Amino acid sequence: MMHSPKWLCDRVVAQTLQDKVPPIMSETRKSLKPNKLKREALRLLGQIVRLPSYLWSVSLSNTFYDLVHARQVKTHVGDLDLNDRAVVFVVYADKGLQTSHIKCLEYFHENEYSPIVVSNLPLSHTDREKLKALSWQVIERPNIGYDFGAYREGILTLGDKLKQLNNLVLINDSAWFPLPGSRSWLEDVKELNVDFTAAASHYGVAKVQPEEFRQQEWSYGASHTNFHYTSFALSFSARIVADPKFRTFWHRYKLTNRKNRVVRRGEIGLSKWVLRNGYSHGETLDLPFLDQRLKELRRERLYEVANGVIISWPEFNDLFVRLTEKPESASKDELEKFILCAAATQGGSYTLAEYSIFERSYPFLKKSPISWDEASSDRTLSIIERLPKTGAEYIMKEALALRFDKTDFPDVTLEDPAK
């Protein structure tokens, strides 16, 4: 006889209560909160249900991809030669090739990089030819593994040619890059002079809940459990790409279409690989010194930064409104702590867009907040509106198209939130 998951869950809860609570201790029995036990039982049941999928993803997913899906991969020779600096650029052009894709490739071409474009969708003939004109190779592949699956494709395509590279960059189209009027990211990478450089990192500091934001401390570093460098822009030195273990990492990387596993195996896994092998590392967003940078700002400017924070956790909304409702709503210290707490909890590459672009001349703006919620979408559009008028028109056009296509948010009257 087959039973539903709910029936099984109720049985697990009942058995747990019976096993762990002596019959005479009725008050203790009540204190165990059956609802909490039920949630735990559901969680365990979910893990059991997902176990076959997990075992497949860690044991056979790569083999299946390399034997079956790899046959669908199409590689096209581009017009450029391969030199000693290469970039694997991952695109997902579901609405066709955009101006931002071409701008990104032109930036790397101007800096004498040889692009390998990896598309996670089939390309039209016109788009393919445009990409070939600015690339060493153009690869079309099934969308398996998100950006890390595509990075793997590009790196394995390079193969033994990795040894001839002085620098390898991995970048995807999840952010507008480079922003007009911004610093050159490649120059910032060169200035850091480390083996491994990311555009940003996440979760390098202990977090507190929004209601405890005044207790947020800032000792940011790679020792925190979930610390990782974000994958939208990464740079590897010649020392790393010549290491046979680097190629092995990508060959063994387990492909998955579950985003949480991509973060765990990809971003966290790669970050831990770099740390474990003793390579020097850093990021260009400079998050370890965020607390010091904020203290240097005038209170009026700090209010503008707080007012521009992009929020992905609904739990922050009430706090945001309370602290930014009026310019005098919060003290300078409260504004600093709020910004730090939001960055610690949500990740600086999203949360700090206003600060990073207008205080640090950061060249990246993440696209996804356009479709998170209406407030995040409006704040992102307001940031774009403040970019230099010459050269940013295409970004606004693409952002408005994303909002129209992916959301049902109302039309906006663009306004600088700092005013």
Side-chain angles (χ1 to χ4, degrees), residues 54 57-67 69-70 73 82-90 113-116 118 136-137 139 141 144-172 186 189-190 192-204 221-256 258 260-284:
Y54 174 77
S57 73
V58 298
S59 59
L60 295 175
S61 61
N62 283 22
T63 302
F64 187 79
Y65 178 86
D66 293 337
L67 289 176
H69 292 298
V73 176
L82 178 66
N83 58 31
D84 64 350
R85 287 180 287 186
V87 53
V88 176
F89 178 36
V90 177
Y113 276 71
S114 301
I116 301 106
V118 184
W136 173 62
Q137 286 194 6
I139 301 170
R141 68 183 294 274
I144 297 174
Y146 296 101
D147 58 344
F148 265 82
Y151 288 155
R152 178 181 185 266
E153 199 82 56
I155 289 170
L156 295 186
T157 296
L158 280 164
D160 289 337
K161 295 181 178 66
L162 285 168
K163 297 176 183 177
Q164 74 185 53
L165 299 181
N166 285 324
N167 184 216
L168 173 67
V169 168
L170 307 180
I171 191 167
N172 64 49
L186 290 173
V189 170
K190 184 178 179 180
L192 271 179
N193 192 30
V194 293
D195 292 313
F196 173 77
T197 308
S201 65
H202 283 174
Y203 308 139
S223 61
H224 291 273
T225 304
N226 291 321
F227 171 87
H228 63 272
Y229 289 106
T230 54
S231 63
F232 62 89
L234 304 169
S235 174
F236 303 85
S237 70
R239 185 166 168 249
I240 290 184
V241 296
D243 186 342
K245 295 192 296 291
F246 178 70
R247 189 173 172 185
T248 299
F249 171 88
W250 290 100
H251 181 74
R252 294 179 177 175
Y253 173 78
K254 303 302 181 183
L255 295 168
T256 176
R258 292 180 65 90
N260 62 332
R261 289 180 187 167
V262 173
V263 172
R264 192 161 61 246
R265 297 176 188 173
E267 292 184 324
I268 296 177
L270 180 60
S271 300
K272 289 186 180 300
W273 182 90
V274 169
L275 297 171
R276 186 169 61 250
N277 285 280
Y279 289 111
S280 57
H281 53 94
E283 62 172 86
T284 56

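Note that the numbering runs from 1 along the sequence shown for the chain. No hydrogens, no waters, no symmetry mates; every other heavy atom, side chains included, goes into these values. As the structure is a computational prediction, the values presented were derived from the model and not from experiment.
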Using a 3.5 Å cut-off and no angle test, enumerate the donor-acceptor pairs between side-chain atoms of residues 228-236 and protein atoms at least two apart in sequence or in another chain.
from   : atom 1 : to     : atom 2 : distance (Å)
His228 : ND1    : Asn226 : O      : 3.0
His228 : NE2    : Glu267 : OE1    : 3.4
Tyr229 : OH     : His281 : ND1    : 2.6
Thr230 : OG1    : Ala200 : O      : 3.0
Ser231 : OG     : Asp147 : OD2    : 2.7
Ser231 : OG     : Glu267 : OE2    : 2.9
Ser235 : OG     : Asn167 : ND2    : 3.0

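Just one residue in the list Trp273, Phe246, Phe196 forms a ring pair (Phe, Tyr, Trp, His ring centres under 6.0 Å) with Tyr279, and that residue is Trp273. Considering Val241, Val118, Leu170 as possible partners of Ile155, the one that fulfils the side chain to side chain contact (heavy atoms under 4.5 Å, CB included) test is Leu170.
Under the side-chain contact (heavy atoms from CB on, under 4.5 Å) criterion, Leu192 pairs with Val194, Thr197, Thr284, sequence neighbours left out. Contacts of Asn277 classified as side chain to side chain donor-acceptor pair (under 3.5 Å), with partners at least two apart in sequence or in another chain: none. Evaluation of the side chain to side chain donor-acceptor pair (under 3.5 Å) rule for Asn193 yields no partner, not counting sequence neighbours. Not counting sequence neighbours, the partners of Thr157 by the side-chain contact (heavy atoms from CB on, under 4.5 Å) test are Gln137, Ile139. Taking the side-chain contact (heavy atoms from CB on, under 4.5 Å) definition, one finds that Asn260 meets it with Arg258, Arg264, sequence neighbours left out. Partners of Thr248 according to the side chain to side chain donor-acceptor pair (under 3.5 Å) rule, which considers only residues two or more places apart in sequence or in another chain, do not exist here. Not counting sequence neighbours, Tyr203 has no partner by the side chain to side chain donor-acceptor pair (under 3.5 Å) test. Checked against ring pair (Phe, Tyr, Trp, His ring centres under 6.0 Å), Phe148 has the following partners two or more places apart in sequence or in another chain: Tyr151, Trp250, Tyr253.
Counting heavy atoms from C-beta outward, Leu168 and Ile240 have side chains that stay 4.5 Å or more apart. Ile171 places a side-chain heavy atom less than 4.5 Å from the side chain of Val87. Residues Val169 and Val189 fail the side-chain proximity criterion, which asks for heavy atoms closer than 4.5 Å. Put simply, the side chain of Asn172 does not reach to within 4.5 Å of the side chain of Tyr146, judged on heavy atoms.
With rounding to the nearest 0.5 Å, the separation of CG in Leu255 from CD1 in Ile144 is 7.5 Å. Rounding to the nearest 0.5 angstrom, the gap separating the CZ atom in Arg265 from the OG1 atom in Thr256 is 5.0 Å. Atom NE2 of residue His202 and atom CD of residue Glu283 lie 9.0 Å apart, to the nearest 0.5 angstrom. One distance of note links CG of Leu156 with CZ of Arg247; it measures 7.0 Å at 0.5 Å rounding.
Of the possible polar contacts, none joining the Arg141 side chain to the Glu153 backbone as a donor-acceptor pair under 3.5 Å is found. In this structure, Arg85 contributes its side chain and Ser114 its backbone to no donor-acceptor pair below 3.5 Å.
For residues 223-238, the set of pairs meeting the salt bridge (Lys or Arg N to Asp or Glu O under 4.0 Å) definition, not counting sequence neighbours, is empty.
Scanning both residues, Asp195 and Arg239, for their nearest heavy atoms gives OD2-NH1, 2.7 Å.
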